[in-house]
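This chain uses plain numbering: 1 for the first residue, then up along the sequence. This one's a predicted model, so the numbers in the text were calculated from it and none came from an experiment.
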Amino acid sequence: MVLVKKLNGEVEQFKRKKLIQSMLRSGASRQMALEVITKIKPILKDGVTTKKIYHEAFRILKRMDYSTASRYDLKRALMFLSHEGYAFE
């Protein structure tokens, strides 16, 4: 069981399914998502931040399929556009 630190400071168990679902929503195939999960295993240690996991997943997706990676990065881009730094809901 790996504990990850979320952006809000909370600590929770790493949920592989959650990461896979976010990549699938971005248009990645299940095979691509599983390959990303396999490639990020070395960084999955207690205390790793969700931001680091996200950046690593994005980097790997970008090499596999740039358009899927762009969609995966859309949430971060929208947060950047918000003048108050809050996510659009």
Side-chain angles (χ1 to χ4, degrees):
M1 173 173 81
V2 175
L3 297 175
V4 297
K5 186 175 182 182
K6 296 171 58 173
L7 253 164
N8 65 8
E10 292 179 27
V11 175
E12 71 175 31
Q13 183 177 347
F14 172 70
K15 296 177 180 129
R16 178 179 179 253
K17 184 176 180 178
K18 200 172 179 180
L19 181 57
I20 290 171
Q21 288 299 322
S22 71
M23 288 186 278
L24 293 176
R25 282 192 305 271
S26 299
S29 68
R30 183 149 189 82
Q31 181 181 350
M32 285 172 66
L34 292 174
E35 188 175 334
V36 170
I37 293 287
T38 300
K39 289 183 177 185
I40 66 163
K41 279 184 183 180
I43 69 162
L44 294 178
K45 295 178 175 35
D46 282 344
V48 67
T49 63
T50 54
K51 185 176 182 177
K52 173 131 175 103
I53 294 169
Y54 164 82
H55 281 293
E56 189 65 18
F58 173 70
R59 186 181 66 78
I60 295 165
L61 272 177
K62 191 164 69 169
R63 279 195 246 135
M64 297 168 107
D65 182 16
Y66 193 82
S67 63
T68 299
S70 296
R71 287 187 298 275
Y72 186 68
D73 194 41
L74 190 57
K75 180 180 176 183
R76 186 197 60 78
L78 288 174
M79 285 182 69
F80 180 74
L81 289 174
S82 171
H83 68 285
E84 297 170 351
Y86 298 106
F88 291 99
E89 296 189 26

Give the minimum heavy-atom separation between L61 and A69, together with the two atoms involved. C-CB, 3.8 Å
With the 4.5 Å side-chain cut-off for hydrophobic clustering, are I43 and L3 part of the same group? no
Is the closest basic N to carboxylate O distance between K41 and E56 below 4.0 Å? no
Least distance between heavy atoms, T68 atom then A28 atom: CG2-N, 3.5 Å
Is there a side-chain contact (heavy atoms from CB on, under 4.5 Å) between M23 and V36? Walk through the geometry before answering. CA-CA 9 Å; M23 288 186 278; V36 170; 3.7 Å; yes
Rounded to the nearest 0.5 angstrom, the NZ-OG1 distance for K5 and T49 is 8.5 Å
Side-chain heavy atoms nearer than 4.5 Å, only ILVMFWY residues, links allowed to pass through others: does that put L44 and M1 together? no
So do the side chains of E12 and K18 get within less than 4.5 Å of each other, counting heavy atoms only? yes
Is there a side-chain contact between T50 and F14, using heavy atoms and a 4.5 Å cut-off? no
Heavy atoms, side chains only, cut-off 4.5 Å: are Q21 and L24 in contact? yes
Report yes if some heavy atom in the side chain of V11 is under 4.5 Å from a heavy atom in the side chain of V4; otherwise report no. no
Given side chains that start at C-beta, do those of R30 and I20 come closer than 4.5 Å, heavy atoms only? yes
Can R16 and I37 be said to form a side-chain contact (heavy atoms from CB on, under 4.5 Å), step by step? CA-CA 8 Å; R16 178 179 179 253; I37 293 287; 3.6 Å; yes
Ignoring hydrogens and geometry beyond distance, is a side-chain donor-acceptor pair present between D73 and Y54 at under 3.5 Å? yes
Which of these passes side-chain contact (heavy atoms from CB on, under 4.5 Å) with I60: H55, K39, M32? K39
Look up atom CE in M64 and atom OG in S29, then write down how far apart they are to the nearest 0.5 Å. 7.0 Å
Rounded to the nearest 0.5 Å, what separation is found between the OH atom of Y72 and the OG atom of S67? 15.0 Å
